[in-house]
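Down below is the structure, laid out as structure tokens.
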Amino acid sequence: MTDTSAHAGERRAWGWLAHLREGGSTSWQDWDGAGVEGGPALPGAQQLELVRRLNAAGRPSPALVDRALTASAPGRGRPDLELVGAAAPSRFGPPPVDPGELSDDELLRVAAALLADDLVAAGVPAPRRPRVVRPWRTRYRLVGDPWLADPLRSELVARGRPPGGRGSVVLVSGTALDKMLEHAWIARAFSVGAPGWREWLDGLARRNRVAPSVDLLHTARTWSDRVGTDRVRIVLDQKAVPGLVGVRRGLPPPPDLAADAVDVARRVANVLGLLVVPPAREALLRETLLPRLREVTGERLAVPPEHAEWVRRRAERMRDGLLRAGYAVVGDPDLLLPRGSSAAATVPSDAGALALAVRLLLDEDRKGGTTR
Amino acid sequence: MSKRILLHVGTPKTGTSYLQDVLFRNQRVLAGAGVLYPADRFDAHFLAALDLMRLPWGGLETEAIGAWDRLAAQVRRHDGTSIVSHEIFATASRSQVGRALESLGAGEGAEVHVVLSVRDLVRQIPAEWQENVKHRSAISYARFLEQIRDPRRESRIATWFWGVQEIPYILQRWGHDLPPEHVHLVTVPPPGGAPEVLWKRFSQAFGLDGMDLDLEAERANPSLGAPETALLRRINRAANSVVDPADYRPLVRELLAHQTLSRRTRSPRLALPPDVHPWAQEVATSWVAEIEERGYDVVGDLADLIGPPPLTPWVDPDHPGEKRVAGAAVDAIRALLQEGSRLRQSEARLGAELDEAHRALERSYLRPTYRLRAKVVRRLQGGRAGRGLLGAYRRARGRSSRSA
């Protein structure tokens with residue numbers, strides 16, 4: 001065999017793969033060792049770089065390394081790419097890349113696929129057994145901001161106080177509109193998946209529309225058409241909820257998550273949609289993934305300053321519309337208005353989300369997660 | 001009987017819908033000859049492809065969960081020739097190809113053949129842009145061309161386009177572990193040729209010669225002219241934010257594009273701009289050289305890949321003749337009015353049925369026994385004890401007629 005530079009490049013690549021399999025974290029750029037061909041083809045640059053990041057952050061098992069090396073990124077996007085310098089340049093296919101220059105977003109695509117597999121393998125924890133339904137309970141329905149209402153409803157069901165029943169009062173939960181927009185995106189990330197925070201929010205602002213799930217005026221109107229305006233309450237003071245649903249013990253606040261944690265969830269949700277049916281996806285995200293993300297520290301989401309004026313206008317319109325329609329409001333109607341914009345808006349960062357995804361993969365690997 | 005698997009993996013816009021329709025409608029005849037086309041609808045393998053490649057597709061992916069494994073199991077069980085066909089398989093990564101071949105039983109003695117039907121880039125490029133527009137895209141033709149010509153290929157459009165169109169790249173992934181004689185290229189004949197030529201080539205590649213198949217075309221993916229595609233793009237820009245994806249497919253893609261605008265066959269056709277034409281032919285020439293070098297089995301003529309000469313005069317779909325666009329728009333409005341009328345008639349019919357149902361319900365309410373029961377319920381609801389009694393009765397009855 002002639003010792004051409006192409007062959008030298010291939011040997012270097014096989015050597016790097018062996019180095020990564022042994023737990024090494026030297027970058028491709030700095031790698032100068034050599035190895036022998038160990039299979040029909042080298043894994044893609046994204047897969048190799050993800051393994052390097054896993055090695056740099058911990059000690060992944062051989063099973064996790066194998067999974068990472070054979071996982072293709074789901075969905076549309078760049079295909080598995082070749083390593084620059086590993087082989088003679090091909091006239092066909094996308095140009096080879098230095099894996100160190102791949103964007104975090106590219107690596108996150110592969111990591112999200114592995115996390116989704118982990119979630120499916122872990123399954124949903126056994127549901128909390130609800131207490132016997134109390135026949136004398138206060139009749140209510142809890143709707144509105146889904147990130148506020150959903151956990152409260154679940155807690156009440158667990159306490160033997162399911163919603164509905166004759167004469168139920170409809171409680172439309174809400175808070176400042178900027179927070180509700182964050183909640184709407186988070187709730188979507190933990191159900192059907194979502195586009196990125198900015199892409200999603202910019203789209204709403206461009207169309208001058210509030211996300212339907214937190215459009216309190218629309219929700220209130222829908223319910224008042226069914227049960228009458230006198231049975232609809234707009235609840236802006238969350239401390240009043242226990243009294244309104246007839247419980248003495250306090251109710252848990254909604255999960256407060258770091259922006260990067262939500263970003264990981266929405267990426268995983270997008271992949272999970274290809275693996276399980278929608279109800280199972282939501283259960284895996286909210287009951288299996290969410291508890292793992294609660295402890296994640298980091299900046300919380302915030303509406304960027306350039307949308308502050310739009311959010312304020314929409315909030316005023318919502319407040320005025322609710323008052324004009326004559327709904328009873330629990331709490332100060334001005335609570336709908338944003339409470340001053342944060343100087344520096346927080347958007348999820350790809351780097352932060354990737355670091356978190358790597359940590360979650362290693363944690364699950366340590367616990368002996370999927371070996372698919 | 002020896003096990004043989006024919007994997008038809010692309011490319012789009014090469015008569016694949018027609019082939020899949022013929023295979024689907026002739027499943028019984030094929031089964032008689034030991035050939036399995038395991039499908040419950042003509043494009044059933046689309047869902048399997050989405051599942052294999054974990055591709056979201058406007059919500060359809062939910063129906064695709066497990067579809068690949070089910071298809072692979074059917075193929076593994078069949079002792080004879082099996083055909084799997086869908087054009088989006090072309091974009092599978094090497095590890096997805098490995099998984100596909102393994103699950104089909106390639107390592108267990110099955111003889112695997114890959115079939116790729118191919119058409120010249122001169123026609124494929126405008127056709128792909130049109131497909132983008134028919135899937136809600138508002139990208140201009142110029143921007144589309146710019147993106148696919150960018151050598152970095154980082155945009156979603158370029159990634160997808162070359163993933164499903166670059167023949168040597170597709171076969172690097174699908175034919176990597178196969179002997180070249182197991183890789184078959186079916187070339188689409190040049191425009192203006194006899195329509196049966198393509199089928200003859202498919203038939204030869206799939207070993208269907210001599211079978212008595214019904215070849216009547218029921219499925220086609222008709223193409224649009226330049227002004228019609230321009231109109232559709234304008235509609236996308238104006239209506240994407242107000243038409244849900246679930247409504248877009250029947251109303252815009254099917255009713256407007258396929259059933260209405262595609263009938264305007266006298267409009268100028270979409271084509272490559274004169275300055276892009278030589279580049280496309282140059283790319284195709286390099287492909288032809290590579291295919292010859294790799295020694296694949298070619299059914300047809302590799303010269304077909306070079307494509308026809310430039311269309312003159314060329315019509316720019318980004319700046320179409322406004323008169324023709326207006327003509328297409330009038331046709332579109334007429335079709336939508338007809339559909340609106342049909343829906344109104346349907347609404348009126350359903351309204352009449354609902355009124356009739358209400359009247360029947362009222363007649364039953366007027367029966368003396370119902371009136372007596374209603375009176376008793378009203379009385380009971382008037383007092384605390386009565387309400388308790390009613391509640392107990394309802395719980396004992398075992399179902400709830402309570403309101404929300």
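Note: hydrogens, waters and symmetry copies are ignored here, and every other heavy atom, side chains too, is used. Proteins come first, then strands; the chains are lettered A, B, ... in the order of their sequence lines, and each starts at number 1.
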Between [X] and chain A, which part of the residue has a heavy atom less than 4.5 Å away: side chain, backbone, both or neither?
X        : result
B/Trp160 : side chain
B/Ser286 : both
B/Gln172 : side chain
B/Glu154 : both
B/Arg173 : neither

N-O pairing of A/Arg221 and A/Asp215 below 4.0 Å: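 Between A/Asp215 and A/Arg221 there is no salt bridge, as every charged N stays at least 4.0 Å from the carboxylate O atoms.
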Salt-bridge criterion met for A/Arg267 and A/Asp263 (N-O under 4.0 Å):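 Yes, this pair counts.
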Heavy-atom distances under 4.5 Å only: say whether [X] touches chain B with side chain, backbone, both or neither.
X        : result
A/Val271 : side chain
A/Arg209 : side chain
A/Arg78  : both

Top contributor to chain B interface from A/Pro163, A/Gly273, A/Pro43 [non-hydrogen pairs under 4.5 Å]: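 Most heavy-atom pairs under 4.5 Å with chain B: A/Gly273.
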Pairs of heavy atoms under 4.5 Å with chain B: top-ranked of A/Val276, A/Leu69, A/Val277: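 Among the listed options, the one with the most contacts to chain B is A/Val276.
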Partner set under ring pair (Phe, Tyr, Trp, His ring centres under 6.0 Å) for A/His307, not counting sequence neighbours: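 Applying ring pair (Phe, Tyr, Trp, His ring centres under 6.0 Å) to A/His307 gives none.
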Residues which pass ring pair (Phe, Tyr, Trp, His ring centres under 6.0 Å) with B/Phe46, listed by chain and number, not counting sequence neighbours: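 B/Trp57, B/His86.
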Interface residue of largest heavy-atom contact number with chain A, from B/Glu63, B/Glu61, B/Arg152, B/Arg153, under 4.5 Å: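 Counting heavy-atom pairs under 4.5 Å, the top option is B/Arg153.
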Spacing of B/Tyr169 atom OH and B/Leu171 atom CG [to the nearest 0.5 Å]: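 Separation between the atoms: 12.0 Å.
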Criterion side chain to side chain contact (heavy atoms under 4.5 Å, CB included) on B/Arg54 and A/Ser72, from CA distance to verdict: CA-CA 9 Å; B/Arg54 293 189 169 185; A/Ser72 283; over 6 Å; no
Side chain to side chain contact (heavy atoms under 4.5 Å, CB included) between A/Trp16 and A/Leu83, worked out: CA-CA 11 Å; A/Trp16 192 50; A/Leu83 288 178; 4.0 Å; yes
Closest non-hydrogen atom pair between A/Arg137 and A/Val133, with its separation: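 Where A/Arg137 meets A/Val133 most closely, the heavy atoms are NH1-CG1, 3.1 Å.
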